[in-house]
Number of protein chains: 2
Amino acid sequence: MGVSLKDVAQRAGVSIKTVSNVVNNYPHVTPQMRAKVQRAIDELGYRPNLTARHLRKGRTGIIAFAVPELGNPYFAELAGAVIDAAAQHDYTVLVDHTAGLRERELLVCQEFRSHVIDGLILSPIHLENGDLLARQETSPLVLLGEREYDAPYDQIAIDNVAAARSAVRHLLDLGRRRIAFLGSRTGRERQPAHLRLRGWREELTAAGVEPDDRLVVATDGYGRGDGADAMAALLDRGVRPDAVFAYNDLIALGALRTLTERGLRVPEDIAVVGFDDIEESRYGAISLTTVAPDKRAIARQAVDRLVARLAGEPVTEPRRIRPGYQLVVRESTGGSHTVAGPPAAATEATPVAATEAAPATAPPVDAP
Amino acid sequence: MGVSLKDVAQRAGVSIKTVSNVVNNYPHVTPQMRAKVQRAIDELGYRPNLTARHLRKGRTGIIAFAVPELGNPYFAELAGAVIDAAAQHDYTVLVDHTAGLRERELLVCQEFRSHVIDGLILSPIHLENGDLLARQETSPLVLLGEREYDAPYDQIAIDNVAAARSAVRHLLDLGRRRIAFLGSRTGRERQPAHLRLRGWREELTAAGVEPDDRLVVATDGYGRGDGADAMAALLDRGVRPDAVFAYNDLIALGALRTLTERGLRVPEDIAVVGFDDIEESRYGAISLTTVAPDKRAIARQAVDRLVARLAGEPVTEPRRIRPGYQLVVRESTGGSHTVAGPPAAATEATPVAATEAAPATAPPVDAP
DNA sequence: GTGAAAGCGCTAACAC
DNA sequence: GTGTTAGCGCTTTCAC
């Protein structure tokens, strides 16, 4: 094994405690003693065994962040933000991905590295409410994403219905009436996309447009290929929308590709809106109009909530936090292009809608 | 604190050892004993404390994977592959990002979570050779990426010079002669892109074309915005290339965007080749020709090397492993589009070049 | 097949 | 200010 405190103490001719004091930067150590110990540390190449420290302290300073798929830029960008936010609190992040499988989601929130991770931030897809209620593990858990649960855990998610409505409203304002929805799910007991789909339905109805279910296309996954296929299927079916609202940017980008291949003009023939504002949406030949959740805020708040629970805040009442979002209008719906500038500062955006944590900005406002 | 082995033992009226045997699925336990203990475990909701186990065993089963930026899809995709490869060996991955800062790279390979991570896979950018030689930490380290070091650590990287040459050769074969390179670095002591830049230079020279340094554009970073800016700067400078070879796909995609904005046709006016084969390169309005490193192989081999070292294989001689790569020809150089199919199986690709670990495939072959 | 006891390396009381 | 000591929860000889 490696060099331990005892070895250093022996070498320096002092007690273990003194070495420990030096290692932990205890204030009350005489400079000469500190120097002596430090020399022994350097000579022996001592590195503290954090595992032992963790065992002793009962906590590790490691939190886990589990997402469906790291290959989805939205989650990759979010993971980066979580890592940064956690670092601010001196926490290290263990990133895992579940492939959106319920089994792996269960595993991660039940018995994943028990006592090694202090807490978990999970973005579930197929986890059921009962799974959460049956959770044995006592470490704090914060939930992210579209699914809403009735369980004693903090949940962070933008208002998906309102956000979806703002996207559809934008398309209606452009005079579009046959607005397709890409990315509902096939043959699942639960419909992960249901909130955004509901927003689509509600906003159409509110505008006096009858939602046409033939314009709703289910996909197998959430990737670019699924979007491309869905768009192709819709067109092959002979259904011709004048606008598309996609569950996420990847699906929208895939649809965009199909439209280009088929020689359809965007936005003239068909306008397209996505959801997520991943960076690549700003750089395509046709930049993508999209709903931009405030990822930094989501990450920061998720970490803040987790850290608060870790610090002992009781779960009297689980909190639901709604970070802000923006509708960023770009070329795919006729907006001008904004290649520069961070997503949150895009010029052609409707104001942020946020509750609780975001410093009160303007309430949601209609797109021009 | 939580429930410990002792508590379970007490409850079941057996010794600690017996409970431990049950928990670890020891073969020689009578069924009735196992059942009795299991009942106590369930009743008390016991979860093993992995931290204690780690301390006792001297290893944790956690490895770290540190990349410059998780927001770069190449690294995100690679991270996903590493997580999967590690899972095969029952290792959990702690993903971290260094922002490409030497300081953070040092931190991660020196004193990062000592004794908590069994080993580290690091993709450095600014780490110097001396930093590696001065490394105190004794846990295994595997290096990834373009930088080549003279240090006692395994290194996994495709043959960047040859890969770059194949990209440039492809452009030369198309009759292009004024081939720009986007993505060299400004004012750094080291030139991270130097291998690909060297490939560019060598292949041009070999073809009897004088490399023109006015066609080399430095960028501040490796993102889409950097590529867009670099392309714009080149055109504004009045320099008109007939092809562009970019350091990576993001820079190429940014360049593509600028070209579209300026009304230049791709590939007719300017052909574009990238490097990385990130998924989005296949889905743009103009799909991108790119050098596709075999990410799965890179991840697998990195994990394999690390696991081998962890299993006690001595570092008699550090290995240099060269996974395969392909040149995937798509629309940005006049190829047909390949939206479907995994990157490694793309039809219009030059054969794989790989050494050592990849099951001997065909040797490097010229592009047609 | 099961039990008793030692110790992994560290921290935190508590003495001195 | 510094030293002594008792565990944190687990695995692992070694008896029985």
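To find a chain, count down the sequence lines: A is the first, B the second, and so on, and within it residues start at 1.
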Original post:
Between atom NE2 in A:His54 and atom C1' in D:dC8, what is the gap in whole Å?
Top reply: 13 Å
Original post:
On DNA chain C, nearest-nucleotide positions of B:Arg56 versus B:His28: which is more 5'?
Top reply: B:His28
**OP:** Quickly work out the A:Leu55 CG to C:dG9 C1' distance and round it to whole Å.
**Re:** 9 Å
Subject >> Over 12 foreign heavy atoms within 6.0 Å of CD, A:Glu103 >> reply: no
Original post:
For DNA chain C, whose closest nucleotide is more 5', that of B:Val19 or that of B:Ala52?
Top reply: B:Val19
**OP:** Answer with yes or no whether the side chains of A:Asp42 and A:Gln38 bring together a donor and an acceptor at under 3.5 Å.
**Re:** yes
Original post:
Does OP1 or OP2 of C:dG3 have a side-chain N or O of B:Ser15 closer than 4.0 Å?
Top reply: yes
Original post:
Taking only side-chain nitrogens and oxygens of A:Thr18, does any of them come within less than 4.0 Å of OP1 or OP2 of D:dT2?
Top reply: no
Subject >> Whole-Å gap separating C1' (C:dC8) and CG (B:Leu50) >> reply: 16 Å
Original post:
Does a nitrogen or oxygen in the side chain of B:Tyr26 sit under 4.0 Å from OP1 or OP2 of D:dT12?
Top reply: no
**OP:** Calculate the interatomic distance between A:Lys57 atom NZ and C:dT11 atom C1'; express it in whole Å.
**Re:** 8 Å
Subject >> Separation of D:dG9 P from A:Arg59 CZ (nearest whole Å) >> reply: 16 Å
Subject >> B:Asn25 CG - D:dT11 C1' separation (whole Å) >> reply: 15 Å
**OP:** Grab the CZ-P distance between A:Arg53 and C:dT11 for me, whole Å please.
**Re:** 4 Å
Original post:
Is there side-chain contact between A:Pro48 and A:Arg53, with at least one heavy-atom pair below 4.5 Å?
Top reply: yes
**OP:** Measure from the side-chain heavy atoms of A:Asn24 and tell me the nearest of D:dT11, D:dC10, C:dT11.
**Re:** C:dT11
Original post:
Are the charged groups of A:Glu77 and A:Arg296 less than 4.0 angstrom apart, N to O?
Top reply: no
**OP:** Just call it for B:Ile16: base, sugar-phosphate, or nothing, with non-hydrogen atoms closer than 4.0 Å on any strand.
**Re:** base
**OP:** Kindly say if B:Asn21 contacts the phosphate of C:dG1, meaning a side-chain N or O under 4.0 Å from OP1 or OP2.
**Re:** no
Original post:
Quick one: which of D:dG3, C:dC10, D:dC10 gets closest to the side chain of B:Leu5?
Top reply: D:dC10
Original post:
Out of D:dG1, C:dG3, D:dG9, which nucleotide sits closest to the side chain of A:Thr30?
Top reply: D:dG1
Original post:
Can B:Asn21 and B:His28 be counted as having a side-chain donor-acceptor contact under 3.5 angstrom?
Top reply: no
Subject >> Length of the line joining A:Lys17:NZ and C:dC10:C1', which is rounded to integer Å >> reply: 11 Å
